[in-house]
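Encoded as structure tokens, the structure appears first; notes follow it.
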Protein chains: 2
Amino acid sequence: MKLTTKGRYAVTAMLDLSLNSDNGPVSLLEISDRQSISLSYLEQLFSKLRRQGLVKSMRGPGGGYSLSRAPEEIAISSIIMAVDENLDVTNCGNATSGCNEDNKRCLTHNLWMDLSNRIQSFLDDISLQDMMDKSDVIEVAARQNSKQKGTRINLPDSL
Amino acid sequence: MKLTTKGRYAVTAMLDLSLNSDNGPVSLLEISDRQSISLSYLEQLFSKLRRQGLVKSMRGPGGGYSLSRAPEEIAISSIIMAVDENLDVTNCGNATSGCNEDNKRCLTHNLWMDLSNRIQSFLDDISLQDMMDKSDVIEVAARQNSKQKGTRINLPDSL
DNA sequence: GAATACCCGATTAATATAGTCAAGTATTAC
DNA sequence: GTAATACTTGACTATATTAATCGGGTATTC
């Protein structure tokens, strides 16, 4: 489990998507505008999110992305892991052989794996819905929405 | 709160230090050998750890580093934060002004700060001692120790 | 005073992050 | 069916961070 800006971007984008998905699919261009994340970077992120089954894509005019399941069902951890492909946080490449065996250095491997697992299970318990429910989210989103033309709730970046 | 390999190195080194501090100060050279972390990189890390008051240094022959307080009193979070100087995980530079105000994008700022805080308080509750107490740590350390000449318990890297 | 080991700054190499560019393909609307 | 929309993909580039290296220090012990 890594916590990087990349993961933050992904969580931000997914939150934006979730908050704005009342009127059908959301295009990456919209998210790019609202969150000030470059379109191409979003494309990279959503390519991974789609392959991990977190979002569905619809092509053509009016197309875009939508959540593939309810926000209650999407854990923050799954978003972060989807874009942080590099899953092995260990130096030994998570090698099950030659690591615990033959005197290879593996003590902190276990330690870190354990810590990593605990952080992950912590993030497993926080869903997209949980984050949407936070009062300050609703406040800020509403305030920003009132200042804009569209009917959709807007989600700022700075994630 | 960021989780990077840098922080992992620091936690590894601190664990090694903690496990081997029975016979006085531990030199970085020892840690370097046991953990396969370059000496100069350790110097960089311990420079920060020392400035943050987590370790004490003693110069001269027989010198080295020692924990500045009991391992029960050292939270994993404090180690990671000591070496990850870059504390603001927000894009707006954690600006208290101009962020919540004037339509600057700051919703996910709050969200991420909250998430970051929750992760941090989670890591606040895990001490160096907690990690030392783990059974697999003791097992591996003992096994490795039995295969080496020195009397000290050895801690492998791959953190 | 020689050996040890911390201390510090500058430099470099490797990797990851973030963004760009360009050429696609599928779908919708007309 | 054609044009516009919008996703899809891959290659490429710039920047930042990470990790390591080097070369000189200073303090301390023996």
Side-chain angles (χ1 to χ4, degrees), chain A residues 2-13 17 24-33 35-52 54-66 68 80 83-89 91 93 157-159, chain B residues 2-13 17 20-21 23-33 35-52 54-66 68 80 82-89 91 93 157-159:
Chain A
K2 260 194 316 185
L3 292 181
T4 65
T5 53
K6 195 177 199 171
R8 287 211 304 274
Y9 276 123
V11 173
T12 305
L17 173 56
V26 181
S27 75
L28 293 187
L29 193 56
E30 292 177 56
I31 299 178
S32 174
D33 285 343
Q35 304 306 327
S36 302
I37 303 172
S38 89
L39 179 59
S40 301
Y41 198 44
L42 280 174
E43 284 170 348
Q44 289 178 37
L45 296 177
F46 273 80
S47 171
K48 291 179 180 174
L49 291 170
R50 189 180 59 83
R51 266 175 282 177
Q52 295 297 321
L54 294 175
V55 296
K56 286 178 299 189
S57 66
M58 296 181 61
R59 293 182 167 194
Y65 287 92
S66 56
S68 60
I80 293 174
V83 297
D84 265 336
E85 62 290 326
N86 180 13
L87 287 179
D88 63 334
V89 287
N91 284 358
D157 64 36
S158 81
L159 199 267
Chain B
K2 262 194 316 186
L3 291 181
T4 67
T5 53
K6 193 178 199 171
R8 287 211 304 276
Y9 275 123
V11 173
T12 305
L17 174 56
N20 293 288
S21 55
N23 315 357
V26 181
S27 74
L28 294 187
L29 192 58
E30 292 177 55
I31 300 179
S32 174
D33 285 344
Q35 306 305 329
S36 302
I37 304 172
S38 87
L39 178 59
S40 301
Y41 197 44
L42 280 175
E43 284 174 347
Q44 289 176 38
L45 296 177
F46 274 80
S47 170
K48 291 178 181 174
L49 293 170
R50 188 179 57 84
R51 267 174 281 179
Q52 296 296 319
L54 294 175
V55 296
K56 285 179 300 188
S57 65
M58 295 182 61
R59 294 183 165 191
Y65 286 93
S66 56
S68 60
I80 294 174
V83 297
D84 265 336
E85 62 290 323
N86 180 13
L87 288 179
D88 63 334
V89 285
N91 284 359
D157 65 35
S158 81
L159 199 259

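Please read these numbers as outputs of a predicted model, since none were measured by experiment. The sequence lines fix the lettering, A, B, ..., with proteins before strands; numbering per chain opens at 1.
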### Task
Give the rounded distance in Å between these two atoms: CD of E30(B) and C1' of dA5(C).
11 Å
### Query
Between L49(A) (CG) and dC7(D) (P), how many Å, whole number?
14 Å
### Query
Which residue, L49(A), I31(A), L28(A), forms the side chain to side chain contact (heavy atoms under 4.5 Å, CB included) with L17(A)?
I31(A)
### Query
Quick one: what's the B/S/- string for nucleotides 20-30 of chain C, heavy-atom cutoff under 4.0 Å, read 5' to 3'?
BB---BSBB--
### Query
What integer distance in Å separates I37(B):CD1 from dT21(D):P?
12 Å
#### Entry: Gap between atoms CG and P, on L42(A) and dT17(C) respectively (whole Å)
16 Å
### Query
For R51(A), which residues count as a side chain to side chain donor-acceptor pair (under 3.5 Å) partner, sequence neighbours excluded?
S47(A)
### Query
Is the side chain of S32(B) donor-acceptor paired with the backbone N or O of S38(B) at a distance under 3.5 Å, no angle test?
no
### Task
Rounded off to whole Å, could you give me the CG-to-P distance for the L17(A) and dC7(D) pair?
11 Å
### Task
Return no unless some side-chain N or O of S57(B) is found under 4.0 Å from OP1 or OP2 of dA5(C).
no
### Message
If I take atom CZ in residue R8(B) and atom C1' in nucleotide dA16(C), what distance separates them, rounded to the nearest angstrom?
### Response
14 Å
### Task
Check the distance between dT8(D)'s P and K56(A)'s NZ and give it to me in whole angstrom.
13 Å
### Message
If the cut-off is 4.0 Å, is R51(A) near the phosphate of dT8(D), judged by side-chain N/O to OP1 or OP2?
### Response
no
### Task
Scan Y65(A) against the nucleic acid and name what it touches under 4.0 Å (heavy atoms): base, sugar-phosphate only, or nothing.
sugar-phosphate
### Task
Rounded to the nearest angstrom, tell me the gap between atom NZ in K6(A) and atom P in dT17(D).
16 Å
### Query
Can you name the side chain to side chain contact (heavy atoms under 4.5 Å, CB included) partners of Q44(B), sequence neighbours left out?
Y41(B)
### Query
For the atom pair CZ (R50(B)) and NZ (K48(B)), what is the distance rounded to the nearest 0.5 Å?
13.0 Å
### Query
Is the backbone of P25(B) close enough, under 3.5 Å, to the side chain of S66(B) for a donor and an acceptor to pair up by distance?
no
### Query
Distance-only, no hydrogens or angles: does the S68(A) side chain make a donor-acceptor pair with backbone N or O of L54(A) under 3.5 Å?
yes
